[in-house]
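Read the structure below first, then the notes.
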Amino acid sequence: MTGARHTAKGWRKCDWTISLSSCAYKPVMVDVGKWPVFSLLSPQEIKSIHQACVFGTSATEAIYITKNDDVFALGVNCSNCLGIGDGQSVVTPKKIEVLCGKKIISLSYGSGPHILLATKDGETYSWGLNSYGQLGNGTTGPGSLPFLVSSMFYDKKAVEVSCGSNHSMVLTTEGEVYSWGYNNCGQVGSGSTASQVTPRRVTHCLQNKWVVGIACGQISSMAVLDNGEVYSWGYNGSGQLGTGINGNHLTPCRVTALQGICVLQITCGSAHTLALTDEGLLYAWGANTTGQLGIGSKINQLVPVLITLEKERIVEIAACHSTHTSAAKTQGGQVYMWGHCRGQSVTLPRLTHFSCTDDVFACFASPAVTWRLLSIEQDDHLTVAQSLHKEFDSLETSDLKFCVEGKFIHVHKAVLKIRCEHFRTMFQSYWSEDEKEVIEIDQFSYPVYHAFLEYLYTDSVNLPPEDAIGLLDLATSYCENKVKKLCQEIIKRGITVENAFLLLSAAVRYDAKDLEEFCFKFCMNHLTAVINTDAFWQMDGVLLKEFIGKASKCGAFRN
C-alpha cells in the first residue's frame, strides 16, 4: 500500500471564489491589448471579444469569438491557418461563417500551424497545414476552411483537443482518445511510426481506461486517467515522457515514477511536461535548456521532480509547445513564471505582479502566444448583477441588519425574499417587515453567514476551505442545494492528506454524496499517509468501520 510521496501541511488561510456558472475561479480580467496582434482592432471590436487565441511563429495570427458567438480570424495567415478559405493575410477581421454560433469550448494549435477546436455540441473542426495528415480529413492536402473532422471518428463527441507540432489528439465524452497526423516518433500512439491521415482510437494500455485530460508536446503525447495515473508516448529524447529513459515509446506507457500520486492536470511545453496533483503539488520533467522545469539548473530530468512554490497550494499550471516558458498560479492568487522569459533563462519560479498565467505569456514568452483559449471579462457598464453586488452590505441603501458575533451585515429584505425561500418564509410568518430592523444570529460564524448573504447577491461563494464546512452546514439547514454544491467544490480544492478524513466525516454528516465519494477516493489514493494522521484515529468509530469496510471492498487490503 502506498500513499503520496509528499504531503501538503493542512490548509493555508486563503480565499476561494466559486461561481455557479462554472464551479471554478471567479473570472480574472484579461487585457487582450497585451497581445500586439490585437492592435489592429478598433476599441469597439476589442470590447466585443469573449474568447481569443493568439498563435503562429511570430504570434501574428489570432482567432477570436465575440459575445454574440461570431468567430473572426486576423493576421498573417501562414499555411491557411486562419480558416477563411484562402492564404491571404487579413488586417481587417474576417468572419469564419461555419463556426459562428457553435460555442467553442476547446482550441489548440500546432506549429505548422494547424488548428483544432471542439464545440459545446462535441463537434471537432480542423484546418491549416496538412503535410502529414494532421487535419484528419484523409488527405495531405492543405485545408483552408474548417473541416468537420469528428465525422471521421464515428461522430464521437469531443470535450478537449490538443495539437502537437504536426499531430492531433481529441478526448471524447466517453473517456477515449483519438489521434492522427505525423508519427515519426510514435506520437500518435499506434504502435508504429507510420503517419495517419484519419483519426484512430489510441488503445494498447489505454484500452478499458477512462481518460480525463490530454496534452501534446511538439512530438509527444500525454494522457491523465480518472484515477490520477499518467501515460505518455512519442519522442523522448529530452525525457519529456517521464519514463526514466531517453527511448521513444510507440504506445502509451505509464509514468511509474508518479506511482501513488494522483495527477489532476497535465500541460506540455515544446519538450517538457508539468503535472498538477490533487494535493496542489507541481511536478516537472523533460527538457530544461532554459530552466523551464524550475529546478534551479538547466539539466534535463528523465523522471518527475517536485517543484516548490513557497509551500502554497498550486491550482493552475501553464505551458505551451511554442515557447519554453512555464507558469503557475497558487491558491492565494500569486502567479509565478520560469524558463525562457524575454530572452533570459529563469531557472527557479519567480513571483510576478500578474493576476493570471495568461499575462505571463503575453508579456514574457517568445513568441507572445496564448497557452490556452482565453476567456475575457469586459469591464463595461454595471449590469444588474454587478449593481446588486455593489449594494451588498451597504449602509446607505439597506433596510435590514444581521448581527453575527457582534458584527453587522447590511442587507435588503426584498433581495433576501426573492433569492431565498428560508427568508421568504421567515419574513412572512414571524413578523411584519416593519417590526424588526436587526436579526440576531447565533448558530453560525460571521464569515459563514456573511458569505451566504453575499451569495444571495452574487451567485458566488468567497470563503477559505476551512469555513466552507460551516457554510455546508448552513446550506443544509436552509435547504440551499446550489450553495451546497459550491461549498463542495471549495472543499475539494482544499483537501490534503491531513484533513481528508475530517472532510469525509463532514460530507457524511451533511449528506453531501458527491463530496463524500471525492473524499473517499482521495483517501484511497493516499491511504498510507491518511491512516497515519491524527484525524483518522480520532474519528467516530462507526464512520471508521464503514470506511474500512468500503476500502476493503475496493481491494485496499489485498496482499
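Just so you know, these numbers use all the heavy atoms, side chains as well, and skip hydrogens, waters and symmetry mates.
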Check your understanding: So do the side chains of V263 and E229 get within less than 4.5 Å of each other, counting heavy atoms only?
Key -> no
Revision key, fill the gap. Closest non-hydrogen contact found for L116 with V170 is CD2-CG2, 4.1 Å
Review point. How many angstroms lie between atom NZ of K298 and atom OG1 of T289, to the nearest 0.5 angstrom?
Key: 8.0 Å
Review point. What residue pairs, at least two apart or across chains, pass ring pair (Phe, Tyr, Trp, His ring centres under 6.0 Å) with a residue in residues 162-189?
Key: Y132-Y182, F153-Y178
Check your understanding: For Q134, does its backbone N or O pair with a side-chain atom of N166 as donor and acceptor, under 3.5 Å?
Key -> no
Check your understanding: Hey, what do you get for NZ (K513) to NZ (K484), rounding to the nearest 0.5 Å?
Key -> 9.5 Å
Practice item. Taking atom CG of L543 as the centre, report whether more than 12 heavy atoms of other residues, nucleotides or ligands fall under 6.0 Å from it. Key: yes
Point to revise | Pairwise side-chain contact, L258 with W285, heavy-atom cut-off 4.5 Å (strictly under) | key: yes
Review point. Is there side-chain contact between W35 and V30, with heavy atoms separated by less than 4.5 Å?
Key: yes
Review point. Between the main-chain N or O of S150 and the side-chain N or O of T124, is there a donor-acceptor pair closer than 3.5 Å?
Key: no
Point to revise | Listed partners of A327 passing side chain to side chain contact (heavy atoms under 4.5 Å, CB included), at least two apart | key: A318, T357, V360, F361
Practice item. Kindly give the heavy-atom pair with the smallest separation between G280 and R313, and that separation in Å. Key: CA-CG, 3.6 Å
Exercise for review: Can you sort out the partners of Y336 under ring pair (Phe, Tyr, Trp, His ring centres under 6.0 Å), two or more places apart, ordered by chain and number?
Suggested key: none
Revision key, fill the gap. By ring pair (Phe, Tyr, Trp, His ring centres under 6.0 Å), F501 pairs with (sequence neighbours left out) F536, F547
Check your understanding: Do T347 and S297 have side chains that get closer than 4.5 Å, going by heavy atoms?
Key -> no
Point to revise | Check: E123 side chain, L148 main-chain N or O, donor-acceptor pair, under 3.5 Å | key: no
Point to revise | C253: side chain to side chain contact (heavy atoms under 4.5 Å, CB included) partners, not counting sequence neighbours | key: T243, H249
Practice item. Output all residues satisfying ring pair (Phe, Tyr, Trp, His ring centres under 6.0 Å) with Y510, sequence neighbours left out; order by chain, then residue number. Key: none
**Study point:** Pair C341-T325, side-chain contact (heavy atoms from CB on, under 4.5 Å): steps then yes or no
**Key:** CA-CA 6 Å; C341 299; T325 306; 4.2 Å; yes
**Study point:** Point-to-point distance, once rounded to the nearest 0.5 Å, from CG of L107 to SG of C53
**Key:** 5.0 Å
Could you list the donor-acceptor pairs under 3.5 angstrom formed between side-chain atoms of residues 156-165 and any protein atom two or more places apart in sequence or on another chain?
unit_1 : atom_1 : unit_2 : atom_2 : d
K156   : NZ     : E174   : OE1    : 2.6
K156   : NZ     : E176   : OE1    : 3.3
K157   : NZ     : D121   : O      : 3.3
S162   : OG     : C216   : N      : 3.0
S165   : OG     : S111   : OG     : 2.7
S165   : OG     : Q218   : OE1    : 3.2

Check your understanding: Sub-3.5 Å donor-acceptor pair from the side chain of R254 to the main-chain atoms of Q259, do we have one?
Key -> no
Check your understanding: Checking side-chain contact (heavy atoms from CB on, under 4.5 Å) against I314, which of T277, L282, L281 comes through?
Key -> L282
Check your understanding: Which pairs pass ring pair (Phe, Tyr, Trp, His ring centres under 6.0 Å) with one or both residues in residues 103-131, sequence neighbours excluded?
Key -> F55-Y109
Review point. For C320, does its backbone N or O pair with a side-chain atom of R372 as donor and acceptor, under 3.5 Å?
Key: no
Practice item. Give a yes or no answer on whether the side chain of N525 reaches the backbone of K521 with a donor-acceptor pair at less than 3.5 Å. Key: yes
Check your understanding: Is there a donor-acceptor pair closer than 3.5 Å between any side-chain N or O of S238 and the backbone N or O of A287?
Key -> no
Review point. What are the two closest non-hydrogen atoms of M222 and C268, and how far apart are they?
Key: CG-SG, 3.5 Å
Point to revise | D514: side chain to side chain contact (heavy atoms under 4.5 Å, CB included) partners, not counting sequence neighbours | key: Q488, K492
Review point. If you take all heavy atoms of V303 and A257, which pair is closest and at what distance?
Key: CB-CB, 4.2 Å
Exercise for review: Take T533 and V497 through the test side-chain contact (heavy atoms from CB on, under 4.5 Å) and record every step on the way to the result.
Suggested key: CA-CA 8 Å; T533 63; V497 165; 3.9 Å; yes
Point to revise | Rounded distance (nearest 0.5 Å) linking atom CG of N130 with atom CG of N137 | key: 5.0 Å
Point to revise | Atom pair CZ (R493) and CG (L264), whose distance is rounded to the nearest 0.5 Å | key: 9.0 Å
When the side chains of residues 197-214 are checked against the rest of the protein, which donor-acceptor pairs come out under 3.5 Å, sequence neighbours left out?
unit_1 : atom_1 : unit_2 : atom_2 : d
H204   : NE2    : S190   : O      : 3.4
K209   : NZ     : C205   : O      : 3.2

Exercise for review: Check whether any side-chain heavy atom of N183 lies under 4.5 Å from a side-chain heavy atom of S192, and answer yes or no.
Suggested key: yes
Exercise for review: With sequence neighbours excluded, tell me which residues meet side chain to side chain contact (heavy atoms under 4.5 Å, CB included) with N246.
Suggested key: L302
Review point. Does the side chain of F518 come within less than 4.5 Å of D278's, by heavy atoms?
Key: no
**Study point:** Exercise: identify the closest heavy-atom pair between L293 and I307
**Key:** O-CD1, 3.2 Å
Review point. Is any side-chain heavy atom of D359 closer than 4.5 Å to a side-chain heavy atom of V335?
Key: no
Practice item. Take Q292 and T290 through the test side chain to side chain donor-acceptor pair (under 3.5 Å) and record every step on the way to the result. Key: CA-CA 6 Å; Q292 59 264 49; T290 60; 2.9 Å; yes
Check your understanding: Would a distance-only check, ignoring hydrogens and angles, find a side-chain to backbone donor-acceptor pair under 3.5 Å from N499 to G494?
Key -> yes
Review point. Can you list every pair that meets side-chain hydrogen bond (donor to acceptor under 3.5 Å, both in side chains) and has a residue in residues 541-550, with sequence neighbours left out?
Key: E517-K550
Practice item. List the steps and the verdict of side-chain contact (heavy atoms from CB on, under 4.5 Å) for S326 and H272. Key: CA-CA 9 Å; S326 301; H272 78 287; 2.8 Å; yes
Check your understanding: Can you tell me if S126 uses its side chain to pair, donor with acceptor, with the backbone of L135 under 3.5 Å?
Key -> yes
Check your understanding: Below 4.5 Å, heavy atoms only, C-beta onward: do Q51 and S375 meet side chain to side chain?
Key -> yes
Check your understanding: Is there a donor-acceptor contact under 3.5 Å from the side chain of T273 to the main chain of Q240?
Key -> yes
Check your understanding: Looking only at heavy atoms, what is the nearest atom pair of M169 and S179, with distance?
Key -> CG-CB, 3.8 Å
Review point. When rounded to the nearest 0.5 angstrom, what is the spacing between CD in E279 and OG1 in T496?
Key: 7.0 Å
**Study point:** Worked check of side-chain contact (heavy atoms from CB on, under 4.5 Å) between L117 and I63
**Key:** CA-CA 11 Å; L117 65 80; I63 303 289; 5.9 Å; no
